[in-house]
Peer 1: 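Below is the structure I would like to discuss, written out as C-alpha cells.
So that the names make sense, note that chain A is the first sequence line, chain B the second, and so on, each numbered from 1.
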Amino acid sequence: MLDTKFIRENTERVIQNSHAKHTQPDIHGFVKMDERRRAIIQEAQDLKATRNNVSDEIARLKKAKENADALIAEMKTVSDTIKQLDEELRGVEEQMEHIALYVPNVSHESVPHGKDASGNIEIRRKDGVNTCEGERGFRKDHATLAKDLGIVDFERGAKISGSGFPLYTGKGARLERALLNFMLDRHTAENGYTEVFVPFLVNAASMRGTGQLPKFADDMYTCTDDELYLIPTAEVPVTNIYRDDILAGADLPIKHCAYSACFRREAGSYGKDTRGFLRLHQFNKIEMVKFVRPEDSYSELETLVRDAEGILEVLGIPYRTILLCDGDTGFSSAKTYDLEVWSPAEQKWLEVSSCSNFEDFQARRANIRFRAEHGAKPEFVHTLNGSGLATPRLMVALLEHYQTEDGRIHIPEPLRSYCGFEWIG
RNA sequence: GGAGAGGUGCCAGAGUGGUCGAAUGGGCUCGCCUGGAAAGCGAGUGUACCGGUAACGGUACCAAGAGUUCGAAUCUCUUCUUCUCCGCCA
C-alpha cells in the first residue's frame, strides 16, 4: 500500500506506474475523496472538542447541583451530527482503501520500462559444471526420468489429492528432503539467516499484510469454516512475524529463512506448463525474508540475489539472473530479480526464485516499523524476500543435468551427505 | 469440546460513568552527585490522524468491533486471545 500523502503529492507518477503495471485504479477519484475526508475530519474534530468542553461544564454544573438540561439537550444534537460525520468518514475511508489496496507499488528508477517478459534484462549467466548438453548429450526429460527411476509417483499423487500434488517415493523423497536441508543449512551457516518454522495456515490479516488479499484471493486455498488460508509461500507468515511491531534499529537487518510447503490453486493456468514438476498445487520452498533500514534495502537486495544464486552455483546448475521490467514486476514489488535454471528437455529457462525489494509497501500494509535510534520517531522498515529456492524446478534441472547415459542420476557432491547415496538407479 | 478467570502504556500493576492519556513501582534517556562506578536525588519517557513553515493546537486510541449515555478504560452485546481445570488427542 502506498502512503496517501505520497499519492496526493505524486498523482501523475502513481497513475503512470499503475498503467505500466497493467492496472487502472481510480487515482483521481482517490485524491478527490481524500480532500473530502480531510474536510470531514476537521469538522468532526471541532465538534468533538466542543463536546468535550461542554461535557466538562455539565459535570461542573451537576457537581454544584445546578441545572444542566439546556446544555445536555444541546450536546445531544451535537452528538448526532458527530455520529453522522463519523459515518460518512467511515464510508469515504472504506472507498479510499478499496482503491488504495489495488494501487501497485512504484517501480524503482533502476527498473527498465517494458510491456512484459520480453522487456526483462539478463544481468548474469552461469554455465553449470555438469551440463549434459553438448558432448554428454541430453537423453530424457525430468518426468520420464522420475517415472523410470521410481522416485515420483504422479498417478498416485493425483489419486490421493489431484493433479499437481506429486507423491515422492524412496530416493525421490530423500532427495527432496536433502535439497531442503542443504539449502537451509547454507543460508543459516553461511549467509547469516535465522531459521524459523512457521504456520502453514494463516488468517486474513496476515494475507492482507503481505498483499495476497484482497487482490489474489482466487489463487489461494481456503478453509472457510475457520477463515484460514493455506500459504502460497512462507513469505506470508515470516513477514507477518513482525506485523504491528516497532523494531529496534539496532536489531536491523533481521534476516530469516524458512522451509514451508506452498499451496497454489493456479486458477486460470490449467494446461500451461503442467507437465511433471513444472507447475504444482503443492510444492516445497525455502524462503528468505529480510527486514532492513530503508537506506540499505537496495544493497540488501543484491546480497539476497547472491544468496539464492549461491545454491545453484554450488550445485553446478546452469542459470541466469534477470532484472524484471516494470510491466513484468509484481504488484507489491519495487524491483525484482528472477533466477532461472535451464531445462535441456524443455529447451526453456525455468523460474526457481524471485527476489524482490518491496520497500515500505508491505511494511505499511503490515504496519512493521523501527526506531532508527532510541527515542526516534518510528519509520517503516523495508522488506525483501526471495526464494532460496523452490524445489520442483530445481529438481527438474538437477535430474536432467545430472543424468548419465545409462539413465541414472549422479547426485552432486554437496548433496551426497544429505542424501546418504551417490546414485539413483 | 465443557467450566472458570483475565486482556490497561516498554514491563509489572491500580483504576467500576465526568476531576483518566490514565496512579504507583520497575525499566530506559538526560542531568546532579562521584576520582570512576553503584546507591541516592531531579527531570523526561506512547502512537496515529487533522490544522500550522514552525512553536504549537485539536482529535482518537486502556484486545477488536458494535451499542447505551450529554459524557465510557469503567455499563451492555459480539468476536478474538491468554491462563487454570476437565475431556479428547499426535
Side-chain angles (χ1 to χ4, degrees), chain A residues 1-9 30-97 99-101 197-209 213 222-229 237 240-252 254 261 360-381:
Chain A
M1 186 146 54
L2 296 175
D3 184 17
T4 300
K5 209 173 287 173
F6 181 84
I7 297 178
R8 195 192 302 151
E9 289 164 6
F30 179 89
V31 172
K32 212 167 268 167
M33 278 185 252
D34 179 50
E35 259 171 59
R36 176 65 193 143
R37 168 180 151 266
R38 284 181 291 158
I40 298 171
I41 288 175
Q42 198 52 239
E43 195 181 341
Q45 267 186 193
D46 290 347
L47 287 175
K48 283 174 184 173
T50 315
R51 183 179 66 184
N52 287 342
N53 290 332
V54 176
S55 284
D56 285 349
E57 180 65 19
I58 291 171
R60 235 189 326 274
L61 287 175
K62 289 210 158 187
K63 211 170 193 176
K65 304 264 188 223
E66 290 178 43
N67 189 298
D69 291 355
L71 286 180
I72 290 177
E74 194 186 318
M75 283 311 101
K76 197 161 196 161
T77 65
V78 168
S79 272
D80 285 346
T81 312
I82 289 173
K83 204 171 275 184
Q84 279 171 26
L85 286 171
D86 278 348
E87 214 158 284
E88 189 188 349
L89 178 64
R90 204 176 314 134
V92 170
E93 287 186 332
E94 219 165 85
Q95 286 181 55
M96 285 175 67
E97 193 188 350
I99 295 173
L101 287 174
F197 201 109
V198 295
F200 292 178
L201 275 72
V202 300
N203 56 30
S206 293
M207 283 296 190
R208 220 172 295 120
L213 281 177
T222 59
C223 305
T224 48
D225 281 354
D226 300 294
E227 283 191 81
L228 291 171
Y229 302 80
N240 278 283
I241 290 173
Y242 303 108
R243 173 152 48 87
D244 295 325
D245 276 358
I246 300 177
L247 304 166
D251 291 341
L252 300 181
I254 293 173
D360 62 4
F361 192 85
Q362 285 184 330
R364 180 170 288 107
R365 248 170 133 118
N367 194 27
I368 305 171
R369 294 173 293 172
F370 78 103
R371 278 186 224 277
E373 51 204 85
H374 187 89
K377 254 180 89 72
E379 306 170 55
F380 289 112
V381 300

Peer 1: Quote, to the nearest angstrom, the C1' distance that separates B:G17 from B:G87.
Peer 2: 42 Å
Peer 1: When the nearest nucleotide of RNA chain B is assigned to A:M75 and to A:R369 on a heavy-atom basis, which residue is associated with the more 5' position?
Peer 2: A:R369
Peer 1: Quick one: label A:N52 by what it contacts on the DNA or RNA (base, sugar-phosphate, nothing), any heavy atom closer than 4.0 Å.
Peer 2: sugar-phosphate
Peer 1: What's A:K377 touching, base or sugar-phosphate or nothing? Going by heavy atoms closer than 4.0 Å.
Peer 2: sugar-phosphate
Peer 1: For A:F30, check ring pair (Phe, Tyr, Trp, His ring centres under 6.0 Å) against everything at least two apart and list the hits.
Peer 2: none
Peer 1: If you find the nucleotide of RNA chain B closest to A:I72 and the one closest to A:A49, which residue's nucleotide is nearer the 5' end?
Peer 2: A:A49
Peer 1: Hey, does the side chain of A:D245 reach the backbone of A:L247 with a donor-acceptor pair shorter than 3.5 angstrom?
Peer 2: no
Peer 1: In whole Å, measure the gap between the P atoms of B:U74 and B:C83 for me.
Peer 2: 25 Å
Peer 1: Which pairs would a plain distance check flag for residues 50-60 of chain A, meaning a side-chain donor or acceptor within less than 3.5 Å of a matching protein atom at least two apart in sequence or in another chain?
Peer 2:
from: A:T50; atom 1: OG1; to: A:D46; atom 2: O; distance (Å): 2.9
from: A:N52; atom 1: ND2; to: A:K48; atom 2: O; distance (Å): 3.4
from: A:N53; atom 1: ND2; to: A:A49; atom 2: O; distance (Å): 3.3
from: A:S55; atom 1: OG; to: A:R51; atom 2: O; distance (Å): 3.0
from: A:E57; atom 1: OE1; to: A:R60; atom 2: NH2; distance (Å): 2.9

Peer 1: Would you check if A:M1 and A:L101 make a side-chain contact, meaning some heavy-atom pair closer than 4.5 Å?
Peer 2: yes
Peer 1: Give me the distance, rounded to whole Å, that separates B:G7 from B:G15 when you measure between the C1' atoms they each carry.
Peer 2: 15 Å
Peer 1: Please state the P separation for the pair B:C50 and B:G27 - nearest whole angstrom.
Peer 2: 38 Å
Peer 1: So do the side chains of A:V381 and A:Y242 get within less than 4.5 Å of each other, counting heavy atoms only?
Peer 2: no
Peer 1: Under the salt bridge (charged side-chain N to carboxylate O under 4.0 Å, His left out) rule, collect the residues that match up with A:R8, sequence neighbours excluded.
Peer 2: A:D34
Peer 1: Please state the C1' separation for the pair B:A66 and B:A72 - nearest whole angstrom.
Peer 2: 14 Å
Peer 1: For A:F361, check ring pair (Phe, Tyr, Trp, His ring centres under 6.0 Å) against everything at least two apart and list the hits.
Peer 2: A:F331
Peer 1: Let me check I have this right: for RNA chain B, each base becomes ., (, ), [, ] or |, based on Watson-Crick or G-U pairs with both distances under 3.5 Å. What is the full string?
Peer 2: ((((((((.[[[..)..(.....]]]((((((.......))))))((((((....)))))).[[[[[..)....]]]]])))))))....
Peer 1: In whole angstrom, give me the gap between the C1' atoms of B:A14 and B:A73.
Peer 2: 12 Å
Peer 1: Students often get this wrong, so: under 4.0 angstrom with heavy atoms, is A:I58 touching a base, only sugar-phosphate, or nothing?
Peer 2: base
Peer 1: Considering only the C1' atoms, how many Å lie between B:U69 and B:U16, rounded to the nearest integer?
Peer 2: 16 Å
Peer 1: Provide the start and end nucleotides, 5' to 3', of the part of RNA chain B that has atoms under 4.0 Å from heavy atoms of chain A.
Peer 2: B:G18 to B:G71
Peer 1: Among side-chain atoms of A:S206 and A:N203, is any donor-acceptor pair under 3.5 angstrom?
Peer 2: yes
Peer 1: Between B:A23 and B:G44, how far is it from one P atom to the other, in whole Å?
Peer 2: 13 Å
Peer 1: Do side-chain atoms of A:R243 reach the backbone of A:A366 as a donor and acceptor pair under 3.5 angstrom?
Peer 2: no
